[in-house]
Amino acid sequence: MSQGIRDRAVEIRRTFHRYPEPSWREFLTTSRLVDELEALGVDELHVGSDVLVSESRMSVPDDAVLNEWFEKARENGAREDVLEKTKGGHTGVVAVIEKGDGPVLGLRVDIDALPRPESTDESHYPNQEGFRSENDGAMHACGHDSHMTMGLGTIEAIQQSDFSGTLKVFFQPAEEVLGGGKPMSESPLVDDVEALLAVHIGLNHPSGEVVAGSDKPLAVRQSRVTFTGESAHAGLAPNEGRNVMQAVGTAIQNLYAIPRHRDGLTRVNVGWADVGEATNVIADDGELGIEIRAETNELLDYMTEKVERTLRAAADMHDVEVETELLSIAPREDSDDAAVDAVATAAESVEGVTSLVRRADFGASEDATYLMKAVKENGGIAAFPIIGTDHPGGHHTATFDVNEDDIFVGIDVLSGALLELENRV
């Protein structure tokens, strides 16, 4: 890696960290990515609605929320031309680097933050060094600031290498709500990609450790469930009500009683419930937020059918109506051997890599699987490596941070793997 890449990487990562934006609200982030990519001199830049199939987006906030973040981005210096292309929550960028004849390779990195506050503790390194989040209630608590930096650094490393072919880097929005992978995977920009790498930092792998290819990302489905009944006075005429509170309670209890499946891991979780208004009123409406995860796509179907049946039974028992709205869904997709081989070969010669793990379970869920699946269906290969880092707080916590030296490891591994793939596809 050149000294120029190394000198800029930390500064770039800290700038992204300082201004985190949640899913579909990455207006300033997209603008800053465009600035960096133009400075690198990429051959093509596709921005906003040009990189997504709009109607396939999932978990898009309402207009009021989008407009609030849109104006905040404008106040913080987002470019008007980028804002025009990203309005309505059409965030994200695809950069294309042309370097002669050769295969078309892809790299996917995610760009969104989480809607949670960052720690103000004096021991929290971003707070110590002055790059703690300046967007109250938002934080890069999963390393996507590092992923974007790896993506930019990998572009520059490839530009300075003897790589021959085309590199497309997909800066994908809305991973945290599993909303951006599907619409980006349906873009024509994916159609000719012959090999794709995605990447994640941390995930409880320590600094110095690289996983060449992760497997078993859990298939996941997230839904909003609405119950509708009829209100009544709880003291004078409780018999006249159709009690949503009872239906919600029954549903929650029985969802957790769904039998596990012998063929693999299955999970269900009720993340939130909003029901009732007063102690003396029979509740006539309520909502639940439900997440299902499963080890395979088939087991996700099993759990979905059981969850829907449980919800209908709870509604029928208490004479109320129920509707389920799909918020987001993402499939399982594993890493291919050929792509894993390329990452492993590259990692063996990277300074700072002290432990190479060929494969490991991903453990959580990801919507990069949509892009991996699309590339495979077109006859290509894909892998999802993990770059280890010592993070003082767990992912999605207020104290999450990364060892910034591991960003350099990530750039070297990814750029080296792309050079390996050039000769393997």
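All figures in this text were calculated on a predicted structure; none of them were measured in a lab. Atom set for the values below is all heavy atoms of this structure, side chains included, hydrogens, waters and symmetry mates excluded.
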Inset, instruction - Give a yes-or-no answer on whether the side chains of Arg14 and Thr149 include a donor-acceptor pair shorter than 3.5 Å. - result: no
Legend entry - Ion pair check, Glu36 and Arg32, cut-off under 4.0 Å: no
Inset, instruction - For the pair Asp215 (side chain) and Ala360 (backbone), establish whether a donor and an acceptor sit closer than 3.5 Å, ignoring hydrogens and angles. - result: no
Inset, instruction - Using side-chain contact (heavy atoms from CB on, under 4.5 Å) as the criterion, list what pairs up with Ala232, not counting sequence neighbours. - result: Glu240, Ile282
Legend entry - Mutual orientation of the aromatic rings belonging to His140 and His17 [parallel < 30°, tilted 30-60°, perpendicular > 60°]: tilted
Inset, instruction - Hey, could you give me the CG/CD1 distance between Asn403 and Ile387, rounded to the nearest 0.5 Å? - result: 12.5 Å
Inset, instruction - Go through the side-chain N and O atoms of His144 and Asp110 and say whether any donor and acceptor fall under 3.5 Å apart. - result: yes
Inset, instruction - Applying ring pair (Phe, Tyr, Trp, His ring centres under 6.0 Å), run through His395 and His200 and close with a yes or a no. - result: CA-CA 11 Å; His395 287 266; His200 211 295; 5.6 Å; yes
Inset, instruction - Determine, for Arg13 against Asp401, whether the closest basic-nitrogen to carboxylate-oxygen distance falls under 4.0 angstrom. - result: yes
Inset, instruction - Return yes if some donor-acceptor pair links the side-chain N/O of Ser328 with the main-chain N/O of Gly179 below 3.5 Å, else return no. - result: no
Legend entry - Test applied, side chain to side chain contact (heavy atoms under 4.5 Å, CB included); reference residue, Arg332; option that passes from Glu295, Glu298, Glu366, Lys373: Glu295
Legend entry - Asp337 and Arg359 ion-paired at < 4.0 Å: yes
Inset, instruction - Give a yes or no answer on whether the side chain of Glu291 reaches the backbone of Val268 with a donor-acceptor pair at less than 3.5 Å. - result: no
Legend entry - Carboxylate-amine/guanidinium contact Glu134 Arg18, below 4.0 Å: yes
Legend entry - Under 3.5 Å side-chain donor-acceptor pair for Asp263 and Tyr302: no
Inset, instruction - Taking only Lys NZ, Arg NE, NH1 and NH2, and the carboxylate oxygens of Asp or Glu, determine whether Asp336 and Lys376 approach each other closer than 4.0 Å. - result: yes
Inset, instruction - Evaluate the side-chain contact (heavy atoms from CB on, under 4.5 Å) criterion for residues Val340 and Arg358: first the C-alpha distance (whole Å), next the side-chain angles of each, then the deciding distance (0.1 Å), finally the verdict. - result: CA-CA 7 Å; Val340 170; Arg358 181 175 171 79; 3.7 Å; yes
Inset, instruction - List for me each residue that meets side-chain contact (heavy atoms from CB on, under 4.5 Å) alongside Arg267, sequence neighbours excluded, and say none if there are none. - result: Leu218, Leu265, Arg293
Inset, instruction - Would you check if there is a donor-acceptor pair between the side chains of Glu333 and Thr369 at a distance under 3.5 Å? - result: no
Inset, instruction - Give a yes or no on whether Arg260 atom CZ has more than 12 heavy-atom contacts from other residues, nucleotides or ligands under 6.0 Å away. - result: yes
Inset, instruction - Say whether, by atom type as modelled, one donor and one acceptor occur between the side chain of Ser335 and the main chain of Ser214 under 3.5 angstrom. - result: yes
Legend entry - Side-chain H-bond candidate by donor/acceptor type, Asp121 with Ser123, under 3.5 Å: yes
Inset, instruction - For the pair Glu71 and Arg74, find out whether any cationic side-chain nitrogen is under 4.0 Å from an anionic carboxylate oxygen. - result: yes
Legend entry - Salt bridge Lys87-Glu84, side-chain N to carboxylate O under 4.0 Å: yes
Inset, instruction - Kindly check if the number of other-residue, nucleotide or ligand heavy atoms within 6.0 Å of CD (Glu325) is above 12? - result: yes
Inset, instruction - Take atom CD of Gln253 as the centre, draw a 6.0 Å sphere, and report whether it contains more than 12 heavy atoms from other residues, nucleotides or ligands. - result: no
Do any side-chain atoms of residues 46-54 form donor-acceptor pairs under 3.5 angstrom with protein atoms, and if so which ones, sequence neighbours left out?
unit_1, atom_1, unit_2, atom_2, d
His46, NE2, Glu44, OE1, 2.9
Ser54, OG, Arg57, NH2, 3.4
Ser54, OG, His90, NE2, 2.7

Legend entry - Neighbour count above 12 (heavy atom, 6.0 Å) for Glu323 CD: no
